[in-house]
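Shown next, in structure tokens, is the structure this report addresses.
Treat the numbers as computed from the prediction; the structure is a model and nothing was measured. Chain A is the first sequence line, chain B the second, and so forth, proteins listed ahead of strands; every chain is numbered from 1.
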Protein chains: 2
Amino acid sequence: MARKTGSHSEITGPLVREAAERLFARHGYAAVSMRQIAGEVGVQAGALYNYTPDKQSLLYDMMSTHMQSLLQSWSDADPGGTPMDRLQAFTRHHIHFHLQRPDAVFIAYMELRNLEAQNFARIEVQRKAYEMVLENILQDGQGAGAFHVGDVKLAGMAVIAMLTGVTTWFRDDGRLSVEEIANHYWDMVRKAVGA
Amino acid sequence: MARKTGSHSEITGPLVREAAERLFARHGYAAVSMRQIAGEVGVQAGALYNYTPDKQSLLYDMMSTHMQSLLQSWSDADPGGTPMDRLQAFTRHHIHFHLQRPDAVFIAYMELRNLEAQNFARIEVQRKAYEMVLENILQDGQGAGAFHVGDVKLAGMAVIAMLTGVTTWFRDDGRLSVEEIANHYWDMVRKAVGA
DNA sequence: GTCTATAACGCGATAGAC
DNA sequence: GTCTATCGCGTTATAGAC
């Protein structure tokens, strides 16, 4: 994988981001050095600074891109219709999206405290927007009598935590397929919100 | 808080562990230096090594103690009786226990990857034991016809993730009391397992 | 039990050659 | 665009004085 002196590359930028994502997810932002990232890509540490102004930007950019991608993906997947239909779609989309990018998800949840204040604030806005997607669905359903939850905000947090938890134990070669898992979770979400 | 040269202390050991726990929870294990911990306690960095062989032991000891404490606390709180009674007790105990020690909980979930291999394996045994507590309750209830879940293992993971998620948003001065939160969560857990 | 001093090393980031 | 070399600083852990 090591690259020779003088070789050129239009794709080093993406490789840097991929290596950083993999290493941050595995060892944590603070525990990973620029030299390690460079080693994965096959360049020297100094070369990384052609692609990122600093280490912090590497973290912020991948988190922001991830959240943007999550919001856009849901926006595309939202079927509209009844709160029940939308809640099912949200559940299935959340599980599928999250299981497809375990590293990005892990970082998005674990590295918030390593963001500088301003970057943290920006990511929090995106996170809040996603939480509001679910909260609005639950609120609509509650108003229409389709759901029966004691507290909409709390139910929203509970559902997201439950769904995101899948990423901590899922293995590709595990006992259940993603589809089976999504079905089981939808069954539990449906019951939990009193639908 | 700074301590004067030559002062003695039988309580420096606990202070070191408390400071380390607070700092690890706030900034992450890898981002915290021994100098920072020493500064919080009011000693020089070298003095810490009277209380811990190294930084890694500081992390492992607090995580192991936390898990031991969790298992013991549940053991004391387990009312026995029907699966329904035990599931309610488990739900309430999990929420109360976790909200009472946010720093230790945060570390237990976030710093697993900073444990050396052998230490990680030991903590995993303790985590697994706790998961089995819930799984056994669900299994008993499923067998007795009190619960109706599609998959006992998966339901266990879902319930734990949902309950633990409280720690990410709970604030002491928030809208709901711990008691109200526990009630709402028990309502959702009860429904989710089809009781 | 805590101090100061230091060994041995790694860090992020930059400069300038090619 | 990548290299080598380096700056300035921080890291864990230890040694020996008090």
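- The CE atom of B:Met34 sits 20 Å away from the P atom of C:dA8 (whole-angstrom rounding).
- At D:dG10, none of the side-chain N or O atoms of B:Ser33 fall inside 4.0 Å of OP1 or OP2 (strictly under the cut-off).
- The side chain of A:Thr12 lies closest to D:dT2 when the candidates are C:dT2, C:dA13, D:dT2.
- Residue A:Arg35 places a side-chain atom within donor-acceptor reach of the base of C:dG12, judged by atom type and a 3.5 Å distance cut-off alone.
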Evaluation steps, salt bridge (charged side-chain N to carboxylate O under 4.0 Å, His left out), between B:Arg113 and A:Glu111: CA-CA 13 Å; B:Arg113 62 188 162 182; A:Glu111 301 296 354; 2.9 Å; yes

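- Atom NZ of B:Lys55 is separated from atom C1' of D:dG10 by 12 Å (rounded to the nearest Å).
- Defined by atom type and a distance below 3.5 Å, a donor-acceptor pair is present between the side-chain atoms of A:Asp54 and A:Ser57.
- Of the candidate nucleotides D:dT12, D:dT6, D:dT2, D:dT2 has the atom lying nearest to any side-chain atom of A:Val43.
- The side-chain tip of A:Arg101 points at the ring of A:Phe97 from less than 6.0 angstrom away and within 45° of straight on.
- Counting to the nearest Å, the P atom of C:dC11 and the CG atom of A:Asp54 are 17 Å from each other.
- Taking atom CD of residue A:Gln44 and atom P of nucleotide C:dG16, one finds them 19 Å apart after rounding to whole Å.
- Among D:dT2, D:dA13, C:dT2, the nucleotide with an atom closest to any side-chain atom of A:Tyr51 is D:dT2.
- Proximity note for B:Tyr49 (side chain, C-beta onward) versus D:dT14, C:dA13, D:dT4: the nearest is D:dT14.
- For the 3.5 Å distance criterion, the side chains of B:His98 and B:Thr164 fail to qualify, holding no donor opposite an acceptor.
- Distance, B:Gln56 CD to D:dT12 C1': 13 Å, rounded to whole Å.
- Residue A:Leu23 contributes atom CG, which lies 12 Å from atom P of C:dC11 at whole-angstrom precision.
- If you find the closest nucleotide of DNA chain C to A:Gly46 and to B:Asn50, the one lying nearer the 5' end belongs to B:Asn50.
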